Asks: 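Here it is, the structure in full.
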Amino acid sequence: MMKKRQFLKRLGQATLLSPFLPLPLQGQDESGRLPYPELNDDAFWLRIRKDYALKPDYINLENGYYNFIPKPTMTKYIEQINMVNLEASYYMRTVQVANKKKIVSRLAQLVGCSAEELILTRNTTESLDMIIGGFPWEKGDEAIFARQDYGSMQDHFQQISKRYGVVNKIVSIPNHPKSDEEIISIYEKQITPKTKLMMVSHMVNVTGHILPVRKICDMAHGYGVQVMVDGAHCIGHFELNISELNCDYYGSSLHKWLSVPLGSGMLYVSKNNIPKIWPLMADNIKEPDSIQRLNHTGTHPVHTDLAVGDAIDYLEIIGLERKENRMRYLQRYWSDQLRNIPNIIVNTPVEAHRSCGIANVGVTVMKPADLAKTLLKEFNIFTVAIDYANVKGCRITPNVYTTTEELDVFVHAMKTIAS
Ligand SMILES: Cc1ncc(COP(=O)(O)O)c(C=O)c1O
């Protein structure tokens, strides 16, 4: 029979080491060859494309909902599932917490904050709803957010309005701002002595518009107003440093641009704010400034937590800066060709720093839903229709596997429809 010490050693190898294998091993393809040599850009991105199992049925330009995972991460994920299933309760009672802590430390490095200010959640909704629902509201307090923010968070603000008598002030973000100051003043004009919390999208999900979050936070703090940032589309998409944003709370979904398996998110709460938030699920931790107070989840799929490390490994093969440049290049590749075409409206700012991989485009002669249907039916291009507030068009979200040839098909389709 295996001795206890041997067993523990094996368990340690299986659980502690597997999420942290050195990069070359993580990146090997089935043949065992090192697959990511220093290729020129075209060859490199074609190699990355081979990491994805792609359906031949359509060109997928709707990666914004879920950046499905590349094969190397999928292989590791299945290994994590098998390992957790084999070790079962023993895993849960021994190394589960320590492994999660290591993953959080690694993620904290990627997003630029302290591990004591970061927790893993299931998604952005859970992260931001924890703040909206757990904020110490008093009757008459005011909150500010935008019509272009994500619907579920707006719904939660409406709920706390009914529950606590909070007054919501709803602003509208222009698709083509003249300056950062224009955006800042839209929020600033709504601030009163009663304003407590503002929600700001780092990237507006329907247009891909990147807002000047640092400047908005500096302005809000000048009035003593806190800022909760919705960064659902930002982690793993472009370079950012949460500490430098000077925000109070930051939530994101890691199954979006970091390509972690479904059901993975994160929440940053700056140290001084941890004691004031009521957790979604109560924990017995007594230290008021321990972020663990906010991370009671009950039993949950711990293999998904482990997969965060594998997804970061894959991102490191690409390099975040290189990915950001590629995503912006792909977006500009198609949007620059469509901006001045009659009947076509690009709903995303033209300045490079105000967007990255996501943009939105509509045609004046067709409703967004019909445009999405036509793109799919006539041209085999899958997108999503957006039709509310000042945004009427299809959201276009390529991914690292997208080729310019696929975008040529899209540009041709749009020109044909518009004419
Ligand atoms: C801006 C924004 N916030 C929040 C969410 C919610 O993300 P999740 O469903 O992963 O919680 C989304 C989802 O698309 C989003 O785009």
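What you see is a predicted model; the values in this text were computed from it and never measured. Both ligands and their constituent atoms are indexed starting at 1 by order of listing.
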Asks: With heavy atoms of Asn123 as the reference, note each atom of ligand 1 found under 4.0 Å away.
Replies: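 In order of numbering, the contacting atoms are 8 (P), 10 (O), 11 (O).
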Asks: Would you call Arg122 a ligand 1 contact, heavy-atom distance under 4.0 Å?
Replies: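 Arg122 does not count as a contact of ligand 1 under the 4.0 Å cut-off.
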Asks: Give the atom numbers and elements of ligand 1 that come within less than 4.0 Å of a heavy atom of His233.
Replies: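 Within the 4.0 Å cut-off of His233, ligand 1 contributes 14 (O), 15 (C), 16 (O).
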Asks: Looking only at distance, does Ser201 have an N or O less than 3.5 Å from an N or O of ligand 1?
Replies: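 No.
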Asks: Indicate every side-chain donor-acceptor pair of residues 387-400 with a distance under 3.5 Å to a residue at least two apart or in another chain.
Replies:
unit_1	atom_1	unit_2	atom_2	d
Asp387	OD1	Lys392	NZ	3.1
Asn390	OD1	Gln148	NE2	2.7
Asn390	ND2	Ile173	O	2.8
Asn390	ND2	Asn175	OD1	3.3
Arg395	NH1	Asn205	O	3.2
Arg395	NH2	Glu62	OE1	3.0
Arg395	NH2	Glu62	OE2	3.3
Thr397	OG1	Leu61	O	3.4
Thr397	OG1	Glu62	OE1	3.4
Thr397	OG1	Asn63	N	2.7
Thr397	OG1	Gly64	N	2.9
Asn399	ND2	Asn63	OD1	3.4
Asn399	ND2	Asn67	OD1	3.3

Asks: Which protein heavy atom lies closest to atom 9 (O) of ligand 1, and at what distance to 0.1 Å?
Replies: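 Result for atom 9 (O) of ligand 1: Thr125 OG1, 3.7 Å.
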Asks: Is the closest basic N to carboxylate O distance between Asp180 and Arg354 below 4.0 Å?
Replies: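 Yes.
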Asks: Counting non-hydrogen protein atoms only, what is the nearest one to atom 13 (C) of ligand 1? Give residue, atom name and distance.
Replies: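 For atom 13 (C) of ligand 1, the nearest protein heavy atom comes out as Lys256 NZ, 3.1 Å.
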Asks: For ligand 1, is there an atom lying under 4.0 Å from some heavy atom of Glu126?
Replies: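 For ligand 1, residue contact (heavy atoms, under 4.0 Å) with Glu126 is absent.
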Asks: For the side-chain contact (heavy atoms from CB on, under 4.5 Å) test, which of Ile216, Leu211, Asp218 pairs with Ile184?
Replies: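 Result: among Ile216, Leu211, Asp218, Ile216 is the only option passing the side-chain contact (heavy atoms from CB on, under 4.5 Å) with Ile184.
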Asks: Students should be able to answer this: which protein heavy-atom is nearest to atom 3 (N) of ligand 1, and at what distance?
Replies: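 Residue, atom and distance for the closest contact: Asp230 OD2, 2.6 Å.
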Asks: Where is the nearest protein heavy atom to atom 15 (C) of ligand 1: which residue, which atom, and how far?
Replies: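 Nearest neighbour among protein heavy atoms for atom 15 (C) of ligand 1, to 0.1 Å: Tyr150 CD1, 3.3 Å.
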Asks: Distance-only criterion, 3.5 Å: show the donor-acceptor pairs between side-chain atoms of residues 223-231 and protein atoms not counting sequence neighbours.
Replies:
unit_1	atom_1	unit_2	atom_2	d
Tyr223	OH	Glu188	OE2	2.5
Gln226	OE1	Tyr249	OH	2.6
Gln226	OE1	Lys276	NZ	3.4
Gln226	NE2	Asn273	OD1	2.6
Asp230	OD1	Ala232	N	3.0

Asks: Just say parallel, tilted or perpendicular for the rings of Phe68 and Tyr66, cut-offs at 30° and 60°.
Replies: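 Phe68 and Tyr66: perpendicular rings.
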Asks: Would a line drawn from the ring center of Tyr250 to the ring center of Tyr268 be shorter than 6.0 Å?
Replies: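 So the answer is no for these two rings.
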Asks: Looking only at protein heavy atoms, which one is nearest to atom 10 (O) of ligand 1, and how far off is it?
Replies: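 Protein heavy atom with the smallest distance to atom 10 (O) of ligand 1: Ser253 OG, 2.7 Å.
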Asks: Using a 4.5 Å cut-off on heavy atoms from C-beta on, say whether the side chain of Val166 contacts that of Lys194.
Replies: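 Side chain of Lys194 against side chain of Val166, heavy atoms only: no contact under 4.5 Å found.
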